[in-house]
Every structure is written in structure tokens, then in C-alpha cells.
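Report on one structure; see the data block that follows.
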Amino acid sequence: MFNNDLPSVYDPKGLEEKWYQYWLDKDYFKAHIQLDKEKNYSIVIPPPNVTGSLHIGHALNNTLQDILIRWKRMEGYNTLWLPGTDHAGIATQNVVEREISKENKTRHDLGREKFLERIWQWKEKYGGNIVNQLKRLGSSCDWSRLRFTLDEGLSRAVRKVFVQLYKEGLIYRENYVINWCPRCQTALADIEVESVEEDAYLYYINYPIKDSGEYITVATVRPETMLGDTAVAVHPDDPRYKRLIGKIAILPLVGRELSIIADSYVDPEFGTGAVKITPAHDLNDYEMGKRHNLEFINLLNEDGTLNEQAGKFKGLNIEEARKEVIEALKNEGYLKKVENYHHAVGHCYRCNTVIEPYLSKQWFVKMKELAEPAIAAVEEGKIEFIPSRWTKVYFEWMKNIKDWCISRQLWWGHRIPVWYCQDCSTLNVEEYEPSSCKKCGNQNLFQDPDVLDTWFSSALWPFSTLGWPEETDDLKSFYPTSTLVTGFDIIFFWVARMVMMGLKFCQEVPFKKVYINPLIRDEKGEKMSKSKGNVIDPLEILEEYGADALRMTLSALTIQGNFICLSEERIKGFRNFTNKIWNVARFSILNLKDFDLTNIEDDYLVSNLSLVDQWILSRLYTTIEMMQNYLTEFKFGEAAKTIYEFTWNEFCDWYIEFIKPRLYQKKDQLSKKTAQYTLWLVLSNILKLLHPFMPFITEEIWHRISYQEESIMISTWPKVKDKFIQPKIEKKVFKIMDIIKTIRNIKSDMNIPFSKEIDLFISINKDDDLFTLIQENIVYIEALIKIKELKIGTSIEKPPYSVTGILEGIEIYIPLQKLIDIEEEKNRLKKRLTKIKIELETSQKKLKNKDFISRAPEEVIMKEKEKSRELGDIVARLENHLKNLQ
RNA sequence: GGGCGGAUAGCUCAGUUGGGAGAGCACUGGCUUUACAAGCCAGGGGUCACAGGUUCAAGCCCUGUUCCGCCUACCA
């Protein structure tokens with residue numbers, strides 16, 4: 001049953017592919033239809049960009065999801081982890097545009113249809129990359145349910161949602177100043193604009209007042225937009241300008257007549273208190289333009305260059321135009337002064353280009369009405385954010401929500417399902433292309449050229465992927481999903497919008513819990529970026545250290561904070577842990593060779609467990625309990641560290657060492673058998689607890705030590721058994737460990753090599769229980785310390801030339817062959833004495849405090865008294881020994 | 001401007017209802033110990049940011065201060 005052909009170093013190569021294929025062949029990842037929702041556990045993946053490659057953030061996000069799914073699966077839930085990818089409009093279009101630019105072509109050369117064909121070809125060829133990378137990570141997704149946001153089913157959901165929202169008046173089309181990316185040549189939503197603080201200049205420009213020698217001075221950071229000015233505004237109550245209201249200013253360089261208007265939006269404190277108004281290129285100016293019926297002059301082409309409205313500046317880009325305009329103003333004497341200025345400038349979140357406010361006709365979703373139930377759902381606890389502080393972030397945004405610009409001037413995406421009638425201008429908003437205009441019946445229709453924001457389809461992800469609008473069994477079984485795992489950077493982009501759409505179209509929240517995972521930084525806490533060269537590529541890590549090491553590292557580092565700092569050093573540390581597991585498995589397999597698992601007399605063995613067996617089981621079940629709590633609370637780091645420390649520090653460092661003599665001897669078969677039984681039981685439970693974190697190595701070892709369950713991933717998750725948790729047993733073993741540590745400490749201090757046998761005298765101060773404990777369990781001390789001559793008794797005399805170790809109730813003497821250095825021994829004892837004395841004094845001080853005695857709980861006082869007594873005893877004996885050393 | 005989070009060992013962070021300051025990594029010394037040198041044993045290292053307050057008792061609760069980070073906003 002037990003093979004031991006294992007090499008001493010764990011090598012993940014080959015094993016990972018083997019087991020992943022095994023799981024696939026057995027169909028373990030596949031979820032079943034189960035209409036009793038209580039028995040289901042479901043997660044929809046945050047769909048990665050189809051053009052994407054696995055980065056370290058994906059690795060973390062998906063590791064955590066897989067931990068949840070594997071844990072719940074082992075707990076017996078019917079689990080669904082639904083995978084998929086996102087068509088990522090701008091990003092994907094960019095990639096293919098770059099590709100065809102190598103052929104010196106633009107998408108316009110190809111035309112819409114041909115270009116889309118190219119993207120689909122590209123998607124078929126490379127779109128599976130990220131999916132394969134998720135598989136390498138060990139993700140147990142139900143691949144039979146793989147979805148793509150542009151699939152027919154999901155597209156239908158998008159059209160249906162659009163049509164319904166339009167018919168309810170929640171989607172509308174309007175001329176508005178939106179965020180325009182001149183490079184992507186599309187509109188963007190507000191949240192797709194990242195503001196970056198930049199140093200700039202504030203220009204003061206004199207605008208002459210018509211028919212007078214006067215000027216009115218305006219201040220601006222964007223002098224080039226003056227070409228589109230159609231007014232100058234001042235505050236109605238500003239005494240400096242009151243008399244100018246209603247007069248005409250002449251726009252320098254252009255000569256346009258601008259009326260000087262009064263509007264309370266103007267802040268008299270800022271700049272000169274007079275503002276140039278460019279209604280087509282500034283949102284506030286636009287609003288003011290509407291209030292005052294101003295002319296809207298659009299200066300820009302779609303590519304960000306100035307159009308014919310800019311006169312002689314036509315054809316320049318914004319940057320060039322700014323220089324030229326300033327130069328001209330200077331030459332003509334209109335530039336009054338220039339100040340340094342610091343302000344935030346919007347950049348495209350996809351390509352980092354400076355965003356231009358741009359007046360154009362776009363489609364919008366009215367958000368307020370959708371947001372209200374979404375706010376209520378979280379307030380009522382139907383959705384819980386973990387960590388909870390993200391709830392505030394969600395509310396903050398939802399309560400100040402603005403309408404969402406959803407039209408994009410791209411080709412790759414869901415085309416807006418609106419057909420305009422060229423004869424009667426009617427808008428035909430339909431799920432499927434109409435053959436004729438619903439109003440005039442003519443067939444002269446053309447479809448809106450724009451596509452929808454990718455996030456529009458992402459917002460439907462939790463139900464569109466389950467088959468909505470059809471009432472599928474999947475939808476009935478798995479909606480609402482159990483948990484969403486994602487990063488805080490997309491709470492607004494994605495999470496909030498899913499909540500709104502889920503409530504609107506399914507009348508239920510899309511998920512009950514939202515776990516917000518931290519974002520990954522480098523070891524110095526800095527953002528990873530290609531330009532900084534501090535990127536950790538998970539694919540290289542997978543190659544070099546294996547999936548288990550990467551997953552365990554990421555899990556262990558996952559804390560409740562916002563960021564985790566990752567370095568290759570950390571990964572090495574957890575790679576070492578995989579090796580530790582590997583070797584403890586080797587040891588176990590070797591020592592279980594003659595152990596017949598098929599015929600375990602469970603009760604018989606359990607009733608004959610030794611002290612250390614009971615101890616490790618007590619620790620094991622405590623660990624199981626902690627793991628359960630931590631996982632339930634989404635404390636992945638704590639859970640990972642708990643099993644790490646139990647395995648390494650308690651199981652490997654102590655238990656294995658304790659039982660070696662029992663395993664190696666032949667006289668006492670029962671003792672050997674109980675040790676083997678416990679060894680097997682603890683190891684198999686460790687493997688199970690580790691499986692969600694390290695699926696591959698645990699599966700590999702499982703098949704070498706288990707006979708009953710065909711795969712660890714569908715084995716039963718360990719349950720707490722209270723009767724095995726025994727604090728008294730733990731205390732006893734800690735006492736034995738304490739003695740061993742004291743002896744090791746002395747040996748280390750005295751430079752006695754580990755392998756050197758020593759004589760050992762253990763003197764116990766008239767405590768029968770303690771004496772019995774040591775007497776009965778001396779084998780465990782002998783297992784860890786090489787002893788030549790041993791003497792245990794009460795009040796043993798200190799032998800000559802010996803060093804002393806003192807702990808509660810016990811004195812340890814180790815005679816040395818040579819004369820000991822009295823001074824050195826004194827220093828050693830003094831060092832200990834000083835430490836303990838400080839503790840004792842603190843304790844005594846407390847006990848002398850009448851308020852403490854009268855007000856603290858009885859239990860606390862008792863504990864303090866006990867502590868004081870113990871410490872006092874040790875101090876007295878230490879002092880006595882020191883005196884005798886004279 | 002508004003909001004949120006953070007400050008504990010050299011680094012990254014735990015620290016549950018207030019009751020003896022912890023882990024991992026790093027560092028120092030020792031060890032060919034029949035699972036593992038990717039290992040084993042031992043050790044050093046902290047005014048818990050600062051100042052007050054509540055309490056018998058504060059890393060933890062309250063107030064204020066300083067510094068750092070993030071999000072958000074229409075002062076051109």
C-alpha cells in the first residue's frame with residue numbers, strides 16, 4: 001500500500017499537469033443542478049480581460065476563490081465556480097489595431113465588418129491563454145460553463161436590459177460634455193478617468209472691454225480653450241465687476257464679442273474673480289452656457305486636434321495649441337502674468353492619455369433610481385462586505401452617484417440596439433433588428449454605430465452567465481451567488497453596478513458576501529509596473545516554484561489590509577514549506593509500511609493513545625477549529641499560517657521526534673501501532689486542511705497514504721471533535737517540552753554538541769503529580785536528548801561540577817567532565833534571575849494594590865497569585881544556587 | 001475641500017470580550033542528528049507614533065496632535 005520511491009526534494013513538474021488532468025477526467029469541477037439552494041455554494045469569477053495574461057493580481061484573486069470553492073466542496077456543498085472572460089472593448093480593440101498597424105493599416109481601412117472578423121480570429125487564437133493559465137494555477141472552475149461577455153446568450157441579456165431600461169426611461173440619449181480620450185477616440189465614463197496631480201501654470205489674460213480702454217482679466221490653466229469662449233462670467237455681487245455685467249468683452253486673437261454675465265457659481269476669491277466660459281469644453285461652463293443661452297463652439301476633432309473653429313490654430317494638437325496661443329497672446333500684449341499652479345488632470349484609465357471634456361451626443365443610464373434599492377440592500381444586510389470598512393466606500397459612491405455614460409465610439413463590443421429611421425427620425429429600440437420602422441413602416445433604418453461600455457455587460461455577469469433571461473435550472477440553483485471575490489479598485493466599476501442590475505432584473509442581490517482582496521505591491525510596498533521593473537510574473541513563479549508554493553505564499557500574505565507586499569524571498573520560504581510537507585510524508589510513508597490501514601481497530605487504538613498522541617490530536621483539533629473560524633471569516637492569511645505553524649512547529653518539530661523511538665522499536669507493538677495510527681491520522685488531516693491552499697502536493701501524497709477516498713479534493717473536510725481537545729494534556733506536554741528546551745539551552749550555552757551524550761539529573765520538588773508525569777514520560781525526553789546516565793527523584797543533591805537549570809518545581813543538573821567556569825555559570829543564572837525578578841516585581845506590585853484586590857475579578861487575582869508564587873519560588877532557588885556557587 | 005485606512009521587532013504584519021508583547025522572514029552562534037542543509041538546535045532584538053483621559057488594569061476604549069497611504073471633488 002505504501003510506496004516509498006520518493007525523492008528527497010519535491011518537484012512539482014509533471015505532478016501538477018497529471019493531477020489537473022485527473023480532476024478534469026473525473027469531472028470533479030462540474031456543478032450539478034440542485035434546486036435546494038442551501039446545499040449550493042457558488043462564485044462567479046471576475047472575468048479577466050480576454051486579451052490578458054495572468055498577472056500576480058489574478059493569481060491572488062483566483063487562488064482565494066479556489067480556496068473557498070475547494071473548502072466548500074470538501075464540506076459537502078454542490079459548488080459552482082463559474083469561469084469566463086470579458087471582451088474588454090478598448091483593450092482588445094487596441095491590441096488588434098496595433099497588429100494591423102504593422103501592415104500599415106487602420107481599422108478604417110479594413111472597415112467595421114472585416115475589422116471585427118480580425119478581432120474574432122485573434123480571440124479564437126489567443127483568447128484561451130488566460131484560461132489555460134488559470135488551469136495551471138489549479139483553479140477548479142466548472143469549465144463546462146465557461147462564458148464570454150460577447151457570447152450570444154450574454155449579448156441577448158445585454159440587449160434585453162438595454163431595451164427595458166430605455167422603455168422605462170432609465171436610459172436616454174443626450175448632448176453633454178463627456179470625457180473624451182483622443183487616443184482611444186471614444187467617450188468614457190467618469191470613473192474611467194483617473195485624476196493625476198500635476199504642476200502647471202495659471203495664465204492671466206486681459207480681455208478688452210468693447211468701446212473702452214479697459215480690460216477684464218481672466219485666469220485659466222487652459223488658455224487654448226479661449227478660442228471657444230462665448231462669455232465671461234463674474235459673481236453677481238462682486239463689487240469689482242458689478243458695473244461690467246452686461247457689457248461686451250472682445251476675445252483676443254479671435255475678436256468674438258463675449259457678453260459679461262453674472263452667475264453665482266463664480267468664486268470671487270479665486271484668480272481674478274472673472275472666468276472665461278467655454279461651454280463646449282468644460283462641464284461647468286456647459287451648465288452655465290445652458291443657463292445663459294450661450295453659444296457652444298466645439299473646437300476639437302475626434303483625434304484631439306483643433307478643427308476649423310480654431311482659425312489659424314487649426315490642425316494643432318492641444319499641447320501645441322497651448323504654446324502657440326500663449327505666444328500669440330504675449331506678442332499682442334494680452335498676457336498679463338503667469339503663476340505656478342498645481343491641479344488634478346484627468347487621464348484615460350486604459351491608455352493614460354489626457355482626457356478632453358468634449359460636447360457630444362451620448363447614451364446615459366439614469367442611476368439614482370437604480371442606486372436606491374442597491375443602497376437599501378446593503379443597509380439591510382442582504383449583502384455583506386468583508387472587510388466591513390468597504391461598506392462605507394460603497395455607500396459614499398452610491399449616495400453621490402451620477403448618470404453613467406455607456407456609449408463608446410468603438411467597434412468591438414455590444415452594438416447599441418437602436419435603429420434610427422432615416423425617413424421619420426424615429427428611434428427603434430429593439431432586442432432584435434427590426435425590418436421596418438415601427439412608426440412609418442419604411443425600411444430605411446440604420447443602427448447606432450456605437451457599442452456599449454464593457455462594464456455594462458459585466459454588470460449583468462452574475463445572472464447573464466447563468467442563462468438569464470431564460471429561467472434556467474442554473475439560474476434557479478445558483479442565483480444569488482454565495483460570494484464575490486474581487487479587488488477594491490473595481491467596487492464602483494463592477495460590484496456596485498452588479499448589485500443595481502441584479503436587483504433590477506432578478507429582484508434579488510447577485511451575491512450575499514463580497515470579499516475584497518488586497519492588491520499586491522512589491523517588497524517595498526510600491527506598485528508593480530513594467531517601467532519600474534519590479535513586476536513578479538506568476539507564470540515564471542509557477543515554472544520555477546510550482547503552483548502550490550505560489551498559492552500558499554499568496555494565501556499566507558493575505559491580510560485584512562489594503563495591500564500585500566510580495567517578494568521572491570517570501571515565495572522561496574513557502575516553497576521550502578512544500579518541501580517540508582513532502583519530507584514529512586516521506587517519513588510517514590516509510591514508517592507506515594507495516595501498518596494495516598484497512599483493519600484499524602479505531603476504538604481500541606484510541607483508548608490506548610499515549611500522552612503525546614493525545615497531545616498532537618488535541619493540537620490538531622484545535623487547529624481544525626481555528627481553520628474553520630478563519631476561513632468562515634475570510635481570514636486567509638491567518639488560516640494559512642495556522643496550518644503552516646501546526647505542521648512545521650508542532651507536528652514535524654515535536655511530534656515526529658517524540659515518536660521515533662516508538663516507531664523504531666519492536667518490543668511494544670501496541671505503542672508502535674498507536675503512534676502509527678496517530679501519525680497517519682494527523683498527516684491525513686493536515687493534507688486535507690492544506691488541500692484548498694496546496695491542491696497538487698496534497699493530492700500526490702494522498703494517493704500514497706490513503707486507501708479509501710479516491711481523491712483528496714472530494715474527501716471530507718475535517719470536523720472538530722471536542723473530546724480530543726484536552727488542555728490538561730497539552731499542559732503536561734508543554735511541561736515536558738519545557739524541560740527539553742531548558743536542557744538544550746544549557747547544552748547550547750555550554751557548547752556541548754547535540755550528539756554528545758550527557759548525564760542528566762532531574763530533581764523534582766515534592767510534587768507527586770509532577771514526579772509521576774516525568775517518570776512515566778521520560779522516554780520522550782530521551783527521544784530528544786541523548787542521555788548517558790539518568791537520575792530522577794525528589795530533592796536530588798546537586799552533583800559536583802554541574803550546571804543548573806531551574807524551572808517551576810524542577811531543578812536540572814548536568815554534570816560536566818571538566819571543572820566548570822564558575823563566573824560563566826553565575827552569569828548564566830544571573831541573567832535568568834534578572835529577567836524573572838522584573839516579572840515577579842510587576843506581579844507583586846499588582847497584588848499589593850488594594851484596588852486591584854477589591855475590583856479585579858476573582859479569577860484574575862487567583863491567576864496573579866499563582867504566578868507570583870511560581871516566580872517567587874524560582875527566584876528563591878536561583879538565588880540559593882548563586883550563593884552556593886561562591 | 002470631503003471621506004476612509006494606517007503607525008507594534010531590521011522588514012511584512014497578527015494581536016478576538018481590556019488582564020503575563022507574538023509570528024514569518026532577516027540577523028547571530030552551533031550542528032554531516034538514518035524525513036528534510038529548501039534542514040535541525042539555540043540566541044539577540046520592541047518607550048506598541050506623540051500627548052492627555054477613562055479604568056484596579058490600556059497595544060486594545062475615548063479626545064487631541066503629528067506623520068504616511070488611498071479614494072473622492074466642478075475653484076477656472
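Order of the sequence lines sets the chain letters (A, B, ...), proteins ahead of strands, with each chain counted from 1. FYI, side chains are in, hydrogens and waters are out, and symmetry mates aren't considered; it's all heavy atoms of this structure.
For U16(B), the OP1/OP2 oxygens have no side-chain nitrogen or oxygen of Tyr630(A) closer than 4.0 Å. A close approach under 4.0 Å does occur between a side-chain nitrogen or oxygen of Tyr644(A) and OP1 or OP2 of C25(B). Proximity of Tyr664(A) to the phosphate of A35(B): a side-chain N or O atom is located under 4.0 Å from OP1 or OP2. The side chain of Lys392(A) contributes no N or O atom lying less than 4.0 Å from OP1 or OP2 of C70(B). Within the structure, every side-chain polar atom (N or O) of Trp648(A) is placed at least 4.0 Å from both OP1 and OP2 of A35(B). Between Asn849(A) and A57(B) there is no side-chain polar atom (N or O) within less than 4.0 angstrom of OP1 or OP2. At least one side-chain nitrogen or oxygen of Lys402(A) sits closer than 4.0 Å to the OP1 or OP2 atom of C74(B).
For Arg575(A) against A38(B), a side-chain N or O and a base N or O form a donor-acceptor pair under 3.5 Å.
Side-chain rings of Tyr286(A) and Phe296(A) approach one another, their centers coming within less than 6.0 Å.
Protein atom CD1 of Ile656(A) is 14 Å distant from nucleotide atom C1' of G39(B), rounded to whole Å.
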For Lys863(A) and Glu866(A), run salt bridge (charged side-chain N to carboxylate O under 4.0 Å, His left out): C-alpha distance rounded to whole Å, both residues' side-chain angles, the deciding distance at 0.1 Å, then the answer. CA-CA 5 Å; Lys863(A) 222 171 133 188; Glu866(A) 177 67 11; over 6 Å; no
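Using Watson-Crick or G-U wobble geometry with both donor-acceptor distances under 3.5 Å, A37(B) finds no partner in any strand shown. As the counterpart of C13(B), G22(B) is assigned, both hydrogen-bonding distances of the Watson-Crick or G-U wobble pattern falling under 3.5 Å. The partner of C67(B), taking Watson-Crick or G-U wobble pairs whose two distances both stay under 3.5 Å, is G6(B).
The ring-ring contact (aromatic ring centres under 6.0 Å, His included) test with Phe385(A) singles out one residue from Tyr394(A), Phe488(A), Trp390(A), and that residue is Tyr394(A).
Taking a centre distance below 5.5 Å and an interplanar angle below 30 degrees as the stacking criterion, Trp397(A) does not stack against the six-membered base ring of U72(B).
Counting non-hydrogen atoms of other residues, nucleotides and ligands closer than 6.0 Å to NZ of Lys336(A) gives a total of 12 or fewer.
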